[in-house]
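Below is one structure; the comments refer to it alone.
In each ligand, atom 1 is the first atom listed, and ligand 1 is the first ligand listed.
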Amino acid sequence: MTSSSTDTPAPVLVLVPGAAGTPHDGSAPFRLADPAVPQLSITDLVATRGDGIFETIGAFDGRPINVGPHLARLARSASLLQMPAPHQETLLAAIDAAIEAHADVPELTIRVMYTRGIEGAGTPTCWIDAHVSDDWAPYRRGIRVAALDRGLSTAVPETSPWLLPGAKTLSYAVNMAAVREAKRRGAQDALFVATDGYVLEGPTSTLLVRRGDAFLTTPVSAGVLPGTCVTTLFTALQDEGHEVREQLMTVADVAGSDGAWLLSSTRLAAPITHLDEAELPLDLELTERFEALLSGRA
Ligand code: PLP
(Lines give C-alpha, C1' and ligand atoms only; values in the text may rest on other atoms or scores of the structure.)
Protein backbone atom coordinates (compact mmCIF):
# COMPACT_ATOMS: atom_id res chain seq x y z
CA MET A 1 0.00 0.00 0.00
CA THR A 2 1.15 3.59 -0.37
CA SER A 3 2.26 6.35 -2.55
CA SER A 4 1.02 8.47 -5.36
CA SER A 5 1.29 11.53 -7.53
CA THR A 6 -0.63 12.53 -10.61
CA ASP A 7 2.03 10.92 -12.81
CA THR A 8 2.88 7.80 -10.84
CA PRO A 9 0.10 5.30 -10.14
CA ALA A 10 0.14 4.40 -6.46
CA PRO A 11 -0.33 0.96 -4.95
CA VAL A 12 -3.81 0.81 -3.45
CA LEU A 13 -5.17 -1.84 -1.12
CA VAL A 14 -8.71 -2.91 -1.87
CA LEU A 15 -10.26 -4.34 1.27
CA VAL A 16 -13.19 -6.62 0.57
CA PRO A 17 -14.64 -9.23 2.93
CA GLY A 18 -13.63 -12.69 1.72
CA ALA A 19 -11.04 -11.37 -0.74
CA ALA A 20 -8.00 -12.43 1.28
CA GLY A 21 -4.91 -12.97 -0.85
CA THR A 22 -6.76 -12.49 -4.13
CA PRO A 23 -4.27 -11.20 -6.68
CA HIS A 24 -5.53 -8.58 -9.09
CA ASP A 25 -4.87 -9.88 -12.59
CA GLY A 26 -4.69 -6.52 -14.41
CA SER A 27 -1.77 -4.12 -14.62
CA ALA A 28 -3.26 -1.59 -12.17
CA PRO A 29 -1.18 -1.19 -9.02
CA PHE A 30 -3.57 -2.54 -6.46
CA ARG A 31 -4.33 -5.84 -4.79
CA LEU A 32 -7.33 -7.24 -3.00
CA ALA A 33 -6.93 -7.82 0.73
CA ASP A 34 -8.95 -9.12 3.65
CA PRO A 35 -10.14 -6.34 5.99
CA ALA A 36 -10.03 -8.84 8.87
CA VAL A 37 -6.22 -8.87 8.57
CA PRO A 38 -4.38 -5.80 9.98
CA GLN A 39 -3.05 -3.60 7.15
CA LEU A 40 -2.23 -0.16 8.57
CA SER A 41 1.08 0.82 10.17
CA ILE A 42 0.85 2.25 13.68
CA THR A 43 3.13 5.10 12.54
CA ASP A 44 0.85 6.09 9.67
CA LEU A 45 0.06 9.76 10.19
CA VAL A 46 -3.65 8.99 10.03
CA ALA A 47 -3.22 6.79 13.12
CA THR A 48 -1.03 9.26 15.02
CA ARG A 49 -2.52 12.59 13.86
CA GLY A 50 -5.78 11.91 12.01
CA ASP A 51 -3.98 13.37 9.00
CA GLY A 52 -5.69 12.23 5.84
CA ILE A 53 -8.73 12.60 3.61
CA PHE A 54 -11.49 10.35 2.35
CA GLU A 55 -14.56 9.91 0.20
CA THR A 56 -17.64 7.75 0.72
CA ILE A 57 -19.32 6.53 -2.44
CA GLY A 58 -22.64 4.69 -2.66
CA ALA A 59 -23.04 1.77 -5.06
CA PHE A 60 -26.63 0.74 -5.81
CA ASP A 61 -27.36 -2.59 -7.54
CA GLY A 62 -23.62 -2.80 -8.28
CA ARG A 63 -23.38 0.67 -9.86
CA PRO A 64 -21.25 3.29 -8.09
CA ILE A 65 -22.77 6.76 -8.25
CA ASN A 66 -20.97 10.03 -8.95
CA VAL A 67 -17.50 8.44 -8.96
CA GLY A 68 -16.01 11.29 -11.04
CA PRO A 69 -17.27 14.05 -8.72
CA HIS A 70 -16.16 12.07 -5.63
CA LEU A 71 -12.63 11.63 -7.01
CA ALA A 72 -12.55 15.31 -8.02
CA ARG A 73 -13.48 16.22 -4.44
CA LEU A 74 -10.76 13.88 -3.11
CA ALA A 75 -8.26 15.75 -5.30
CA ARG A 76 -9.62 19.06 -3.97
CA SER A 77 -9.20 17.87 -0.36
CA ALA A 78 -5.66 16.66 -1.18
CA SER A 79 -4.83 20.08 -2.54
CA LEU A 80 -6.29 21.84 0.55
CA LEU A 81 -4.12 19.61 2.77
CA GLN A 82 -1.07 19.99 0.50
CA MET A 83 -0.93 16.25 -0.17
CA PRO A 84 0.13 14.69 -3.50
CA ALA A 85 -2.74 14.43 -5.98
CA PRO A 86 -4.35 10.96 -5.95
CA HIS A 87 -3.99 8.97 -9.17
CA GLN A 88 -7.52 9.02 -10.63
CA GLU A 89 -7.25 6.09 -13.08
CA THR A 90 -5.88 3.77 -10.39
CA LEU A 91 -8.68 4.69 -8.04
CA LEU A 92 -11.33 4.26 -10.74
CA ALA A 93 -10.03 0.74 -11.51
CA ALA A 94 -9.73 -0.12 -7.81
CA ILE A 95 -13.31 1.01 -7.09
CA ASP A 96 -14.57 -1.25 -9.89
CA ALA A 97 -12.47 -4.13 -8.51
CA ALA A 98 -13.91 -3.59 -5.02
CA ILE A 99 -17.47 -3.84 -6.33
CA GLU A 100 -16.68 -6.83 -8.51
CA ALA A 101 -15.03 -8.70 -5.65
CA HIS A 102 -17.91 -8.07 -3.25
CA ALA A 103 -20.99 -10.25 -3.06
CA ASP A 104 -23.92 -8.70 -4.95
CA VAL A 105 -25.94 -6.56 -2.56
CA PRO A 106 -28.48 -3.79 -3.24
CA GLU A 107 -26.51 -1.11 -1.37
CA LEU A 108 -22.74 -1.04 -0.95
CA THR A 109 -20.60 1.63 0.74
CA ILE A 110 -17.20 2.27 -0.85
CA ARG A 111 -14.75 4.24 1.26
CA VAL A 112 -11.68 5.70 -0.42
CA MET A 113 -9.09 6.52 2.24
CA TYR A 114 -5.97 8.54 1.51
CA THR A 115 -3.56 9.42 4.29
CA ARG A 116 -0.36 11.43 4.57
CA GLY A 117 1.37 8.06 4.97
CA ILE A 118 3.94 6.59 7.30
CA GLU A 119 5.83 9.18 9.36
CA GLY A 120 8.92 10.34 7.49
CA ALA A 121 8.13 8.38 4.29
CA GLY A 122 6.49 11.28 2.47
CA THR A 123 4.19 9.07 0.41
CA PRO A 124 0.45 8.69 0.98
CA THR A 125 -1.20 5.46 2.06
CA CYS A 126 -4.35 4.60 0.16
CA TRP A 127 -6.99 1.93 0.55
CA ILE A 128 -10.53 1.31 -0.54
CA ASP A 129 -12.96 -0.55 1.65
CA ALA A 130 -16.22 -2.05 0.39
CA HIS A 131 -18.90 -3.05 2.86
CA VAL A 132 -22.66 -3.52 2.96
CA SER A 133 -24.36 -0.20 3.72
CA ASP A 134 -26.16 0.38 6.99
CA ASP A 135 -29.95 0.16 6.82
CA TRP A 136 -30.86 3.78 6.14
CA ALA A 137 -34.57 3.10 5.48
CA PRO A 138 -35.75 4.74 8.74
CA TYR A 139 -33.72 7.90 7.97
CA ARG A 140 -35.21 8.09 4.47
CA ARG A 141 -38.69 8.26 6.04
CA GLY A 142 -37.83 11.28 8.19
CA ILE A 143 -35.45 12.48 10.88
CA ARG A 144 -35.47 14.84 13.80
CA VAL A 145 -32.48 17.16 13.65
CA ALA A 146 -30.81 19.19 16.40
CA ALA A 147 -29.21 22.53 15.51
CA LEU A 148 -25.73 22.55 17.06
CA ASP A 149 -23.19 25.34 17.33
CA ARG A 150 -20.12 24.66 15.16
CA GLY A 151 -18.03 27.29 16.94
CA LEU A 152 -16.77 28.75 13.64
CA SER A 153 -18.05 31.60 11.49
CA THR A 154 -18.93 31.45 7.80
CA ALA A 155 -15.87 33.66 7.20
CA VAL A 156 -13.45 30.86 8.18
CA PRO A 157 -12.47 29.97 4.58
CA GLU A 158 -11.31 33.59 4.24
CA THR A 159 -9.87 34.22 7.68
CA SER A 160 -8.47 30.82 8.74
CA PRO A 161 -8.11 28.34 5.88
CA TRP A 162 -5.78 26.20 8.03
CA LEU A 163 -8.92 25.03 9.86
CA LEU A 164 -9.61 23.17 6.57
CA PRO A 165 -13.25 24.14 6.07
CA GLY A 166 -14.69 22.25 3.12
CA ALA A 167 -11.99 19.53 3.14
CA LYS A 168 -13.19 15.97 3.76
CA THR A 169 -10.54 15.08 6.32
CA LEU A 170 -10.12 11.96 8.40
CA SER A 171 -10.46 14.04 11.57
CA TYR A 172 -14.20 13.36 11.95
CA ALA A 173 -14.21 12.93 15.73
CA VAL A 174 -15.98 16.30 16.15
CA ASN A 175 -18.58 15.34 13.52
CA MET A 176 -19.27 12.05 15.31
CA ALA A 177 -19.47 13.83 18.68
CA ALA A 178 -22.12 16.14 17.19
CA VAL A 179 -24.21 13.12 16.10
CA ARG A 180 -23.95 11.70 19.64
CA GLU A 181 -25.05 15.05 21.11
CA ALA A 182 -27.98 15.18 18.67
CA LYS A 183 -29.01 11.67 19.80
CA ARG A 184 -28.68 12.68 23.44
CA ARG A 185 -31.20 15.44 22.63
CA GLY A 186 -33.62 12.91 21.14
CA ALA A 187 -32.83 13.66 17.47
CA GLN A 188 -31.27 11.39 14.84
CA ASP A 189 -28.84 13.89 13.34
CA ALA A 190 -27.37 17.38 13.73
CA LEU A 191 -27.29 20.56 11.67
CA PHE A 192 -24.21 22.69 12.31
CA VAL A 193 -24.78 26.41 12.86
CA ALA A 194 -22.02 28.99 12.40
CA THR A 195 -21.25 31.58 15.08
CA ASP A 196 -22.78 34.27 12.84
CA GLY A 197 -26.11 32.43 12.96
CA TYR A 198 -26.15 30.78 9.53
CA VAL A 199 -26.78 27.08 9.08
CA LEU A 200 -23.95 25.09 7.53
CA GLU A 201 -24.33 21.33 6.91
CA GLY A 202 -24.87 18.07 8.78
CA PRO A 203 -21.85 16.24 10.25
CA THR A 204 -21.97 13.87 7.24
CA SER A 205 -24.48 15.55 4.93
CA THR A 206 -25.48 18.60 2.90
CA LEU A 207 -28.56 20.72 3.71
CA LEU A 208 -31.22 21.14 1.02
CA VAL A 209 -34.11 23.54 1.69
CA ARG A 210 -37.29 24.13 -0.29
CA ARG A 211 -38.86 27.56 -0.41
CA GLY A 212 -41.86 27.54 -2.76
CA ASP A 213 -40.54 26.49 -6.14
CA ALA A 214 -36.92 27.25 -5.24
CA PHE A 215 -34.37 24.85 -3.75
CA LEU A 216 -31.52 26.26 -1.68
CA THR A 217 -28.32 25.05 -0.07
CA THR A 218 -25.52 26.61 1.99
CA PRO A 219 -22.83 28.32 -0.12
CA VAL A 220 -19.59 26.33 -0.35
CA SER A 221 -17.83 29.64 0.37
CA ALA A 222 -19.29 29.47 3.92
CA GLY A 223 -16.97 26.52 4.65
CA VAL A 224 -19.10 23.46 3.88
CA LEU A 225 -18.18 20.46 1.77
CA PRO A 226 -19.23 20.71 -1.89
CA GLY A 227 -21.80 17.88 -1.90
CA THR A 228 -22.12 15.51 -4.84
CA CYS A 229 -25.78 14.74 -4.03
CA VAL A 230 -26.91 18.35 -3.98
CA THR A 231 -25.23 18.86 -7.36
CA THR A 232 -27.14 15.86 -8.79
CA LEU A 233 -30.46 17.16 -7.45
CA PHE A 234 -29.81 20.76 -8.50
CA THR A 235 -29.15 19.61 -12.07
CA ALA A 236 -32.39 17.58 -12.18
CA LEU A 237 -34.48 20.29 -10.49
CA GLN A 238 -33.12 22.99 -12.76
CA ASP A 239 -33.97 20.86 -15.81
CA GLU A 240 -37.55 20.77 -14.51
CA GLY A 241 -37.66 24.58 -14.31
CA HIS A 242 -37.05 25.02 -10.58
CA GLU A 243 -34.83 27.77 -9.30
CA VAL A 244 -31.78 26.38 -7.48
CA ARG A 245 -29.16 28.42 -5.65
CA GLU A 246 -26.72 28.72 -2.79
CA GLN A 247 -27.93 31.00 -0.01
CA LEU A 248 -27.04 31.76 3.57
CA MET A 249 -29.96 30.74 5.82
CA THR A 250 -30.67 30.96 9.53
CA VAL A 251 -32.20 28.24 11.73
CA ALA A 252 -35.48 30.20 11.58
CA ASP A 253 -35.31 30.21 7.76
CA VAL A 254 -35.02 26.41 7.69
CA ALA A 255 -37.66 25.94 10.40
CA GLY A 256 -40.08 28.12 8.41
CA SER A 257 -39.29 26.57 5.02
CA ASP A 258 -41.47 24.39 2.79
CA GLY A 259 -39.30 21.35 3.47
CA ALA A 260 -35.69 20.41 4.16
CA TRP A 261 -33.46 17.36 3.70
CA LEU A 262 -30.02 16.16 4.71
CA LEU A 263 -28.32 14.63 1.66
CA SER A 264 -25.48 12.14 1.51
CA SER A 265 -24.21 9.51 -0.90
CA THR A 266 -25.14 6.41 1.09
CA ARG A 267 -28.10 7.66 3.11
CA LEU A 268 -29.47 9.62 0.10
CA ALA A 269 -32.25 12.11 1.00
CA ALA A 270 -33.34 12.18 4.63
CA PRO A 271 -36.31 14.55 5.05
CA ILE A 272 -36.19 16.66 8.21
CA THR A 273 -39.43 16.28 10.17
CA HIS A 274 -38.32 18.51 13.06
CA LEU A 275 -35.53 21.04 13.51
CA ASP A 276 -35.23 21.22 17.29
CA GLU A 277 -38.88 21.73 18.31
CA ALA A 278 -40.09 23.15 14.96
CA GLU A 279 -42.09 20.78 12.74
CA LEU A 280 -41.36 20.92 9.01
CA PRO A 281 -43.61 19.95 6.09
CA LEU A 282 -42.87 16.44 4.79
CA ASP A 283 -43.15 15.51 1.09
CA LEU A 284 -42.54 11.77 0.85
CA GLU A 285 -43.30 11.64 -2.87
CA LEU A 286 -40.63 14.23 -3.63
CA THR A 287 -38.27 12.46 -1.22
CA GLU A 288 -38.75 9.19 -3.12
CA ARG A 289 -37.93 10.96 -6.36
CA PHE A 290 -34.77 12.39 -4.80
CA GLU A 291 -33.89 8.88 -3.60
CA ALA A 292 -34.35 7.45 -7.12
CA LEU A 293 -32.21 10.22 -8.64
CA LEU A 294 -29.43 9.85 -6.06
CA SER A 295 -29.29 6.05 -6.27
CA GLY A 296 -29.30 6.03 -10.09
CA ARG A 297 -32.54 4.03 -9.99
CA ALA A 298 -34.62 6.86 -11.52
N1 PLP B 1 -20.95 17.39 4.24
C2 PLP B 1 -20.18 16.57 4.98
C3 PLP B 1 -19.44 17.13 6.16
C4 PLP B 1 -20.06 15.21 4.63
O5 PLP B 1 -19.27 14.40 5.36
C6 PLP B 1 -20.78 14.72 3.51
C7 PLP B 1 -20.72 13.30 3.09
O8 PLP B 1 -20.06 12.49 3.61
C9 PLP B 1 -21.58 15.59 2.80
C10 PLP B 1 -21.63 16.93 3.17
C11 PLP B 1 -22.39 15.10 1.62
O12 PLP B 1 -21.59 14.84 0.52
P13 PLP B 1 -22.08 13.90 -0.65
O14 PLP B 1 -23.39 14.45 -1.14
O15 PLP B 1 -21.03 14.03 -1.69
O16 PLP B 1 -22.20 12.52 -0.10
Side-chain angles (χ1 to χ4, degrees), residues 50 52-60 64-77 80-81 91 95 107-114 128-129 131 133-134 136 139-140 143 145 147-148 150-152 154 156-157 163-182 189-194 198-209 215-237 244 246 249 254 260-272 287 290-296:
I53 56 176
F54 76 111
E55 280 298 318
T56 303
I57 302 171
F60 299 86
I65 303 297
N66 275 336
V67 177
H70 278 290
L71 294 186
R73 191 170 65 188
L74 188 74
R76 179 181 184 270
S77 296
L80 289 168
L81 270 78
L91 292 181
I95 289 165
E107 299 192 15
L108 197 59
T109 296
I110 314 285
R111 275 194 303 231
V112 181
M113 318 295 273
Y114 191 73
I128 289 174
D129 141 52
H131 60 270
S133 299
D134 292 342
W136 294 118
Y139 283 75
R140 292 171 188 161
I143 50 172
V145 170
L148 296 183
R150 182 74 177 88
L152 300 169
T154 55
V156 154
L163 295 179
L164 302 176
K168 197 164 166 69
T169 77
L170 279 166
S171 312
Y172 256 38
V174 167
N175 301 43
M176 298 300 103
V179 175
R180 285 194 299 276
E181 174 60 19
D189 208 342
L191 176 62
F192 282 134
V193 184
Y198 295 114
V199 292
L200 294 167
E201 61 188 343
T204 62
S205 56
T206 303
L207 176 68
L208 175 70
V209 174
F215 289 84
L216 317 172
T217 194
T218 307
V220 169
S221 61
V224 300
L225 215 63
T228 63
C229 292
V230 77
T231 303
T232 298
L233 294 188
F234 268 17
T235 304
L237 288 164
V244 299
E246 290 188 332
M249 294 169 276
V254 181
W261 295 260
L262 289 182
L263 309 176
S264 68
S265 294
T266 52
R267 200 169 45 174
L268 306 176
I272 301 176
T287 301
F290 286 169
E291 196 178 308
L293 284 164
L294 295 175
S295 63

Give the residue, atom name and distance (to 0.1 Å) of the protein heavy atom nearest [atom].
atom                    : value
atom 1 (N) of ligand 1  : Glu201 OE1, 2.8 Å
atom 2 (C) of ligand 1  : Leu225 CD2, 3.5 Å
atom 11 (C) of ligand 1 : Thr206 OG1, 3.5 Å
atom 15 (O) of ligand 1 : Thr228 OG1, 2.7 Å
atom 12 (O) of ligand 1 : Arg73 NH1, 3.3 Å
atom 16 (O) of ligand 1 : Ser265 OG, 2.7 Å

Given side-chain contact (heavy atoms from CB on, under 4.5 Å), test Thr206 with Val224 step by step and report yes or no. CA-CA 8 Å; Thr206 303; Val224 300; over 6 Å; no
Could you tell me whether the side chain of [Y] reaches within less than 4.5 Å of the side chain of [X], counting heavy atoms only?
X      : Y      : answer
Cys229 : Leu294 : yes
His70  : Val112 : no
Thr218 : Glu201 : no
Ser295 : Ile65  : no
Leu208 : Phe290 : yes

Determine whether any heavy atom of [X] lies closer than 4.0 Å to an atom of ligand 1.
X      : result
Pro203 : yes
Lys168 : yes
Thr56  : no
Pro69  : no

Output the list of atoms in ligand 1 that are nearer than 4.0 Å to some heavy atom of [X], sorted by atom number.
X      : answer
Tyr172 : 2 (C), 3 (C), 4 (C), 5 (O)
Leu263 : 11 (C)
Cys229 : 14 (O)
Gly202 : 3 (C)
His70  : 15 (O)

Kindly say whether Leu207 contributes a backbone atom to a donor-acceptor pair with the side chain of Thr217 at under 3.5 angstrom?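 Yes, Thr217 side chain to Leu207 backbone: donor-acceptor pair under 3.5 Å.
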Heavy atoms of other groups near Phe60 CZ, more than 12 under 6.0 Å: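 For Phe60, atom CZ is crowded (more than 12 foreign heavy atoms under 6.0 Å).
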With nothing but distance in play, are any N or O atoms of Ser264 less than 3.5 Å from an N or O of ligand 1?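 No, there is no polar N/O contact under 3.5 Å.
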Please confirm whether Pro226 comes within less than 3.5 Å of ligand 1 when only nitrogen or oxygen atoms on both sides are compared.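 In this structure, Pro226 places no N or O atom under 3.5 Å from an N or O of ligand 1.
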Tell me which one of Ile95, Ile110, Thr228 satisfies side-chain contact (heavy atoms from CB on, under 4.5 Å) with Val67.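 It is Ile95; the other options fail the test.
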Identified side-chain contact (heavy atoms from CB on, under 4.5 Å) partner of Arg267 from the options Thr109, Asp189, Asp134, Thr56: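 Passing option: Asp189.
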Value rounded to 0.5 Å, distance of CG in Leu80 from CD1 in Ile53: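 Reported to 0.5 Å precision, the distance equals 9.0 Å.
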